[in-house]
Participant: 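Would you mind keeping the following structure in view while I ask a few things?
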Amino acid sequence: MISRREFVGGTAVSMAMMPTVGLASTNQEPVAAVNGAVFNRRPLADQPFAPLPLGAVRAKGWLATQLETMAQGLTGQLDEYYSLVGPRNAWLGGDGDAWERGPYWLDGLVPLAHILDDKRLKDKAQPWIEFALRSQQVSGYFGPPDDRGSGKDENGIQRANSADWWPRMVMLKVLQQHHEATRDQRVLDFMSRYFAYQQRQLPAQPLDHWTKWARHRGGENTASALWLYNRTGEPSLLELARTLVSQTSDWTAGFAAEQPPTAHGVNVAMGVKQPALAYLLDGRSEHIEAIRHGLMFLERDHGQVTGMFSGDEPLHGTNPIQGTELCTVVEFMFSLEILGQITGDVTVLDRLERIAYNALSAQTTDDYMARQYFQQPNQVMISRDVEQYAQQHGGTSQLVGLLDGYPCCTVNMHQGWPKFVHSMWAASADGGLAVLSYGPSSARATIGGVEVEAEQQTSYPFSDEIRIVLRMERPTSFPLHLRIPGWAEGATLKVNGQHELPASSGQIVRLERLWRTGDTVEVIFPAKIRRSTWHKQLTSLERGPLVFALPVGEEWRKIGERSGIDTSEIFPTTPWNYALEPDADVTLARSETVSDCPWIGANAPLSLSTTGRKIPGWDRYHQTHGSLPFSPVATEAPAETLRLIPYGCTLLRMSEFPIAKV
Ligand SMILES: [Zn+2]
């Protein structure tokens, strides 16, 4: 995380691989063995996991502190710092901003409010929800009227295209989350009327009638139509979903051919989920194959050690000085959360954790009051004088501030952590619970009529052990699914301290038994230190889901201010131009305790020590590191001990290194 000040800051056990197809309902009713979770109705394809209702998953430990920091930071008060989402916003009935910004903020504020059960945040979100519901016209149309673009041009306010399908796609996601948390029946009726309107209008006003964004991002709209179909069973929604798929850019063909319909990084991150939605409709495996191929292609041609692909803003190759936009980080995570539930694919879920615990934690300030528009894996300076991005935004793309680069991330970033926390647990189609991502958190569900609470007691990803404690009113039998990451070779499970069981890495294991209150399942991952290879044979050090980086000393220089929030450049105060010794030992050190604010450099709970050598003459060029020396690189410089900390704890850093020739 970006640091700007020092902080001190639990019978018989059966195991099986997850079946590729979950137990399906045989009629039109969704499976409801886990109350509140809604699975697919026929004829939609089956999926192994479905989300629990919003609010059923809670953050604990350091993750709770992370969410509370957001509530006290920009997520909980963005309207007070950014006037475009203030009272004049057209999504509150005002004469101001009428496009995506208001809905974007709500898409993070609403899940945060319900996960924290925070009345202040709920009260802040409610007027937006009431306006959206109240604004619906007899036709079914809702939101700001379609004349907002006329005649007024005012510094940066987005009023044009106020009738665009795209911002409505975001507001539909907001309303779905509101319904899942509150059961507000108005939402279902409202969405039914809107989708009937959409089906009537789309032939004459297709998704790209106003902007191209809606065409590339039509997967969001399709997901909302399927969400409502699973709740109402209204057959015309399937027809609408097919219309939406036909009008959305063809991401299946694009990924299969390694030619995405657009190279815009945020669109690509959102497009990754679209073939999976087409698969739910037609059951054709080519869609899932296309996603696998697309993820492979993105990693091969644009991949960086954080688990992200570059996009500044278009896809921009594997060089670790190319940038990744914060919107791309949070949208890719949301796509992977949906993909993980549809496919049960462990590689997808491993990728999700890698992004959350590296890229996401690195791109916002410790107090969640500022952010970077672009981050670099090798970020040796933060400056106005950058040259290497495809979109420079007047040199502001990399600065730490409120709105620098482009404002979208300031409103869209809020969905990252809350949706990730919510996706850590899921209902399984065979009537049980699943742990899809690890971290301190708990889940409540009614399973077969019995109230069950399950908690992950852990400081993961800073510890290798997760203790899952179950509590329930009376003994009950259900399956518990546990993801074993691909990197976790030699993982073991213990139930109530006994029955030590091996668990194969890269699979989801299923434990089914009669559970009693107080039962514990211990999951133990023998995380090993790994070297991975990236752009031009650059090497990174990893352990479990964490990437490690050499922190570079920081000198912050304020160059401006907006709403009292500094805009800063950051200069390096310590050397960064190192090559790693090829065969040097790498040793792990742990702090005695894990801080509630673990992403602050001074609090880093883990570190790796190894040996490196400086590369004389490798200097900065246009305020980033200069052209990369080919690896291995000859150097006569003396060997030095380097201490690397988790990537998410750093701002200026090196995470992809050349190798020294010795
Ligand atoms: Zn953005």
Side-chain angles (χ1 to χ4, degrees), residues 2 70 73-75 78 81-82 84-85 89 97 99-109 156-158 161 164 166-167 169-171 173-174 211-214 216-217 219-220 260 262-273 302 304 306-316 322-336 355-356 359-365 368-376 379 382 386 389-420 562 565 567:
I2 300 173
M70 293 177 66
L74 277 184
T75 314
L78 190 62
Y81 285 85
Y82 185 38
L84 295 192
V85 296
N89 190 285
D97 212 78
W99 205 51
E100 67 187 9
R101 289 170 183 156
Y104 259 158
W105 176 37
L106 271 286
D107 195 27
L109 177 63
I157 295 184
Q158 292 179 321
N161 302 312
D164 187 7
W166 157 240
M169 297 184 197
V170 185
M171 191 49 93
K173 289 192 288 181
V174 172
T211 72
K212 65 185 177 183
W213 304 103
H216 295 317
R217 300 174 175 183
E220 315 298 308
T262 156
H264 189 271
V266 184
N267 288 340
V268 172
M270 298 173 80
V272 161
K273 74 171 84 57
H302 307 284
Q304 297 178 329
T306 54
M308 290 300 304
F309 48 85
S310 72
D312 54 23
E313 293 162 358
L315 300 174
H316 206 156
Q322 298 311 142
T324 300
E325 185 185 331
L326 184 49
C327 279
T328 309
V329 173
V330 297
E331 293 291 357
F332 196 26
M333 286 178 62
F334 182 55
S335 289
L336 296 173
I355 295 169
L360 179 65
S361 36
Q363 208 160 346
T364 51
T365 52
Y368 215 78
M369 290 299 291
R371 90 301 185 263
Q372 278 188 290
Y373 184 62
F374 292 152
Q375 68 167 299
Q376 301 165 291
Q379 188 159 267
I382 289 175
V386 291
Y389 301 130
Q391 272 283 2
Q392 308 284 14
H393 291 293
T396 65
S397 291
Q398 195 173 4
L399 301 174
V400 177
L402 178 66
L403 296 168
D404 302 279
Y406 195 77
C408 51
C409 301
T410 304
V411 280
N412 192 17
M413 65 183 184
H414 311 282
Q415 66 170 311
W417 284 111
K419 290 186 184 175
F420 175 65
R562 285 180 205 254
I565 296 173
T567 294

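In this chain, numbering begins with 1 at the start of the sequence shown. Numbering of ligands and ligand atoms starts at 1, following listing order.
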Participant: Is it true that a side-chain atom of Q363 and a backbone atom of Y373 form a donor plus acceptor pair closer than 3.5 Å?
Facilitator: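 At least one qualifying donor-acceptor pair exists.
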Participant: Assess the side chains of T567 and R562: does a donor N or O sit below 3.5 Å from an acceptor N or O?
Facilitator: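 Distance-only check fails for T567 and R562.
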Participant: Just by modelled atom types, is the Q392 backbone N or O under 3.5 Å from a matching donor or acceptor in the S397 side chain?
Facilitator: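 The answer is yes, because a donor-acceptor pair under 3.5 Å joins these two groups.
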Participant: side-chain hydrogen bond (donor to acceptor under 3.5 Å, both in side chains) with E100: which of W213, W105, W166?
Facilitator: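 The passing option is W166.
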Participant: For S310 and H316, indicate whether the former's side chain and the latter's backbone hold a donor-acceptor pair under 3.5 Å.
Facilitator: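 Side chain of S310 to backbone of H316, a donor-acceptor pair under 3.5 Å: yes, one is there.
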Participant: Around the Zn ion (ligand 1), list the protein N/O/S atoms within a radius below 2.8 Å, excluding water molecules.
Facilitator: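 Listed by chain and number, the atoms are E325 OE2, C327 SG, C408 SG, C409 SG.
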Participant: Donor-acceptor pair, D97 side chain versus N89 backbone, under 3.5 Å?
Facilitator: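 The answer is no, because no donor-acceptor pair under 3.5 Å joins these two groups.
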